[in-house]
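Written out below as C-alpha cells is the structure these notes cover.
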Amino acid sequence: MTSKTPPTLSARDRLIVALDVPDTATAERLAGSLTGHVGVFKIGLELAMSGGIDLARDLAADGHNVFLDLKLLDISNTVTKAVENAANQGFAFLTVHAYPAAMRAAVAGLGDSKLCLLGVTVLTSLNTADLAEAGYVDAPEALVLNRAQSAAATGMGGIVCSPNEVTAVRSKAGASLTIVTPGVRPAGSDSGDQKRVATPASAIKAGADYLVVGRPITQSRDPKTAAAEIVTEIATAL
Ligand code: C5P
C-alpha cells in the first residue's frame, strides 16, 4: 500500500509555509508574495491569537490550501465539537496531538468532510532529554512510531513527525498515512529551537509527503527566492 497523498503532487504543492508572524497584515503580505510559489499556508498558534483564524477562512475561501495548526488536545467532547465546527470551513489540514482518545474524538467530528486530520506525534523541538524531563521513557523515534500506529488505527489522515522518523513510520505504521515533516532546514540555515532536523532533500527522499518550513522562508530577506530554492531542492529529490 502507498500513501493516500495524491502521487501527482508537484514539488511546489509539497511545500507548506508556516505563517508564523505577529499579525494578519504581515501574514497577508507574506501570503500574497508567496502565492504560486508554495502549496499550502499554515496558520498556527501565534497568528491564531491575532486574527489568524479569520485569515485562514479568507485564504481558504480564496481557493488557497490552508493548514490550521491548532494542535488540539482536550476532553473528547470538546475535541469532537471543535472538529465539527472546523470540518466544513474549507481547510485542508488540522492538527490534533496524537493521543488515541483525542484522535478518536477528532475523527468522530469529521462527518463527510475532506479535512485531513494530522496527529502530531512528538514535537520536532523535543529530543530524548526533553522527553525524559516530561516523564517519558521512550526515545523520540519509538514514541513517534507508537503514536503513528495509533493515528492509523483511529482513522486519522496523517501524522506530523520529524524527517528523521519518516522511513520508520512509512515501513512500520504509515503506509496509508500522509506524512508531514516540520524540522526542515536547508543546508547551512539556523535550526533555531528545532532539534530533530534534516534538509528538504533528505525529508523527501525518506518519503515525506509535505514539508513545513517557517523561519528559513519567513525571516529571509527574500521569502519568494527562499521558497523557490526549497521547491527546486524538493523537485531534485523526487
Ligand atoms: O520556523 P520553523 O520552520 O521551525 O517552523 C516550524 C513550524 O512547524 C512551526 O509553525 C511549528 O509550530 C510547526 N510544528 C513543528 N513541529 C511539530 C508540529 C508543528 O515545528 N511537531
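All values below were derived from every heavy atom in this structure, side-chain atoms included, with hydrogens, water molecules and symmetry-related copies excluded. Residue indices begin at 1 and follow the sequence shown. Counting starts at 1 for both ligands and their atoms, in listed order.
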Should [X] and [Y] count as an ion pair when the cut-off is N to O under 4.0 Å?
X: R185; Y: D190; value: no
X: R215; Y: D193; value: yes
X: D62; Y: R57; value: no

As an exercise, identify every atom of ligand 1 less than 4.0 angstrom from a heavy atom of D69. 12 (O), 13 (C), 19 (C)

Check ligand 1 against L123 and write out every atom of the ligand that is under 4.0 Å from a heavy-atom position of the residue. 17 (C), 21 (N)

Just going by heavy-atom distances, which of H97, Q219, R215 is nearest to atom 1 (O) of ligand 1?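 When every heavy atom of H97, Q219, R215 is considered, R215 comes closest to atom 1 (O) of ligand 1.
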
Looking at V212, V180, I16, the heavy atom closest to atom 7 (C) of ligand 1 belongs to V212

Which segment of [X] sits under 4.0 Å of ligand 1 when only heavy atoms are counted:
X: V160; value: side chain
X: Q194; value: side chain
X: T124; value: both
X: D193; value: neither

Nearest neighbour in protein (non-hydrogen) for [atom]:
atom: atom 2 (P) of ligand 1; answer: R185 NH2, 3.4 Å
atom: atom 12 (O) of ligand 1; answer: K71 NZ, 3.5 Å
atom: atom 17 (C) of ligand 1; answer: P182 CG, 3.6 Å
atom: atom 9 (C) of ligand 1; answer: D20 OD2, 3.3 Å
atom: atom 13 (C) of ligand 1; answer: K42 NZ, 3.6 Å

So is R104 actually on top of Y99's ring, under 6.0 Å and inside 45° of the axis? no

Cut-off 3.5 Å, no hydrogens considered: what does the side-chain donor-acceptor table look like for residues 31-47, sequence neighbours left out?
| unit_1 | atom_1 | unit_2 | atom_2 | d |
| --- | --- | --- | --- | --- |
| S33 | OG | L30 | O | 3.1 |
| T35 | OG1 | A31 | O | 2.7 |
| K42 | NZ | D69 | OD2 | 2.6 |

Under 4.5 Å between side-chain heavy atoms, hopping through other hydrophobics if needed: is there a path connecting L238 to I230? yes

Taking all non-hydrogen atoms of both residues into account, name the closest pair between V144 and C161 and its distance.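 Taking V144 first and C161 second, the nearest heavy atoms are CG1-CB, 3.8 Å.
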
For a quick check under 3.5 Å, do Q194 and S125 share a side-chain donor-acceptor pair by atom type?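 Side chains of Q194 and S125: no pair found under 3.5 Å.
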
Quick check: does V213 get an N/O under 3.5 Å from an N/O on ligand 1? no

Checking F93 now: which residues fulfil ring pair (Phe, Tyr, Trp, His ring centres under 6.0 Å) with it, not counting sequence neighbours?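 If we apply the ring pair (Phe, Tyr, Trp, His ring centres under 6.0 Å) test to F93, skipping adjacent residues, the hits are F67, Y210.
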
